[in-house]
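Being a predicted model, the structure only gives us computed values, none of them experimental. Order of the sequence lines sets the chain letters (A, B, ...), proteins ahead of strands, with each chain counted from 1.
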Number of protein chains: 2
Amino acid sequence: MSTTDGDSETSKGGGKNDASAPPPRQLTARGRDRRKKLLDFATQRFSENGFHPTSVSDIVDGIGVGKGVFYWYFPSKDDLLLEILRESLLDLRRSQRAQMKVYDDPLRQLEEGIRASLQWSASHPDVLRLVMFAWTEEPFAKSLRRGRRIMIQDTAKLVSAAMEDGLIKPGDATMLSTAIRGVTDELGRQYAVGDNPLSAEVLDNAVRFCLYGVTG
Amino acid sequence: MSTTDGDSETSKGGGKNDASAPPPRQLTARGRDRRKKLLDFATQRFSENGFHPTSVSDIVDGIGVGKGVFYWYFPSKDDLLLEILRESLLDLRRSQRAQMKVYDDPLRQLEEGIRASLQWSASHPDVLRLVMFAWTEEPFAKSLRRGRRIMIQDTAKLVSAAMEDGLIKPGDATMLSTAIRGVTDELGRQYAVGDNPLSAEVLDNAVRFCLYGVTG
DNA sequence: GAACGGCTTGACCGCCCGGTCAAGTAGTGG
DNA sequence: CCACTACTTGACCGGGCGGTCAAGCCGTTC
């Protein structure tokens, strides 16, 4: 496994932990459900209509609730998007972990991580489209940069392990991981914009490409 | 040359030509200047602040003119963006044509076209960032799809010519052109988001990659 | 059944946005 | 100097947006 278990994102950061953060709400089962509905519906609408053109009223009307509901679960519209981004990252990493944990060989884990990444992208085109938007506005881009750093670190740990095991010739693990991220990222974008489904063939080629690039 | 001269974009389309279009204004030299200033300033602000967060007032205040000026030159804020997209495409294609016209060999022209494309991208990161946004909202995306089609056709003409000359083995010219477009597009995006300048080395590799992919 | 806290409602608010327009000013051709 | 048109101004407008809040509902707990 690449990180400590659970959903921790950073074991240690710079100085303080999260700066602000009003006490996170205590939700009942019903509450968590509503929240999820909001998240999902918003993701869909944002991705098909654009973030700014979609108003908070559109969202609450869409699922047939009052406006106050929105602001019970999220402090602001921007925060909702940030939350979508955050949870998507969590979910993607969770998929990777689940798919990797079957193996011990770090190179094999690397492969499964790449596969999981591509598969996740293929099944979440709406999120990917939203991410494309998010790169174009600073507060969101900031969150994405952080996510990218985290994922590259995840990968780098694997690459380093493989180097220590002599499976990959020694080198700059971070650089290699960045390259892999570049490939999966771009492939992922294809699913966001294009209309081709994920064929096993494409998947295999992408994996081979990355692995070949890493092992030399 | 790949197309008839000048800035024509389509020699013939479907049924009618442009549907609407209020009589395009007759501008004096001073007018063309102002228009250009608006276009340039807006491009910059849109790309660094985001399209929606940048208001028309921001733009006119930024260059120190009244709001009416904006609406003298552009029918709406959306149209301004569409115009930026349109003119960028025109400019890119102009660069390509200029750089290609020195050669007769279609394969060499293809190479120069790719080079020109990459160079143009490297020197217009702000436009590329705007384009990233534009893909996320339908009316703008529509314009981008049209632009892509045009550029792929440009390339396909060259590829076909090269096939006829026996420089490339016969095949689906459009598909190959689409692949090339994929490469230049993604490379371009690096300049929009990343911070690395365009090295001659990267340029050469990209060109070699495309050409190699095409000639087999 | 009272009391409590999670949850919901929707009228309401202030702001600012895109867009308009009546009134000019500046350049230019006769 | 006039007339004409290209251009400029900025107060103004209607509307929709993100966000608030007093009030009420509902399920649990004791």
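Ion pair B:R129/B:E48 not flagged as a salt bridge, since none of the NZ, NE, NH1 or NH2 atoms sits closer than 4.0 Å to an Asp/Glu carboxylate oxygen.
Chain A approaches DNA chain D within less than 4.0 angstrom (heavy atoms of the protein), and the contacting nucleotides run 5' to 3' from D:dC17 to D:dC21.
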Stepwise side chain to side chain contact (heavy atoms under 4.5 Å, CB included) test for A:L130 and A:F140: CA-CA 10 Å; A:L130 240 188; A:F140 309 130; over 6 Å; no
Salt bridge (Lys or Arg N to Asp or Glu O under 4.0 Å) evaluation trace for A:K36 with A:E87: CA-CA 11 Å; A:K36 180 118 198 330; A:E87 305 215 337; over 6 Å; no
Derivation and outcome, ring-ring contact (aromatic ring centres under 6.0 Å, His included), residues B:F133 and B:H52: CA-CA 10 Å; B:F133 162 78; B:H52 290 290; 5.7 Å; yes
Full working for side chain to side chain contact (heavy atoms under 4.5 Å, CB included) between B:R115 and B:V207: CA-CA 7 Å; B:R115 257 176 221 288; B:V207 170; 3.9 Å; yes
Evaluation steps, salt bridge (Lys or Arg N to Asp or Glu O under 4.0 Å), between A:E138 and A:K142: CA-CA 6 Å; A:E138 197 29 43; A:K142 190 181 162 196; over 6 Å; no
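Annotation: side chain of B:L158 is not in contact with side chain of B:D154 (no heavy-atom distance under 4.5 Å). Here the side chains of A:L27 and A:Y73 are in contact, with some heavy-atom distance below 4.5 Å.
Residue contacts shown for B:Y73 are limited to sugar-phosphate atoms, with no base heavy atom under 4.0 Å away. Nucleic acid contact for B:G68: base, since at least one base atom lies under 4.0 Å from a heavy atom of the residue.
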Sugar-phosphate or base contact per nucleotide [nucleotides 13-19 of chain C; S, B, -; heavy atom under 4.0 Å]: ----SBB
Contact pattern, 5' to 3', of nucleotides 22-30 of chain C - B, S or - by protein heavy atom under 4.0 Å: ---------
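A:I114 contributes atom CD1, which lies 9.5 Å from atom CD of A:Q96 (distance to the nearest 0.5 angstrom).
Between A:F74 and A:F70, the ring planes are tilted. Angles from 30° to 60° get that label.
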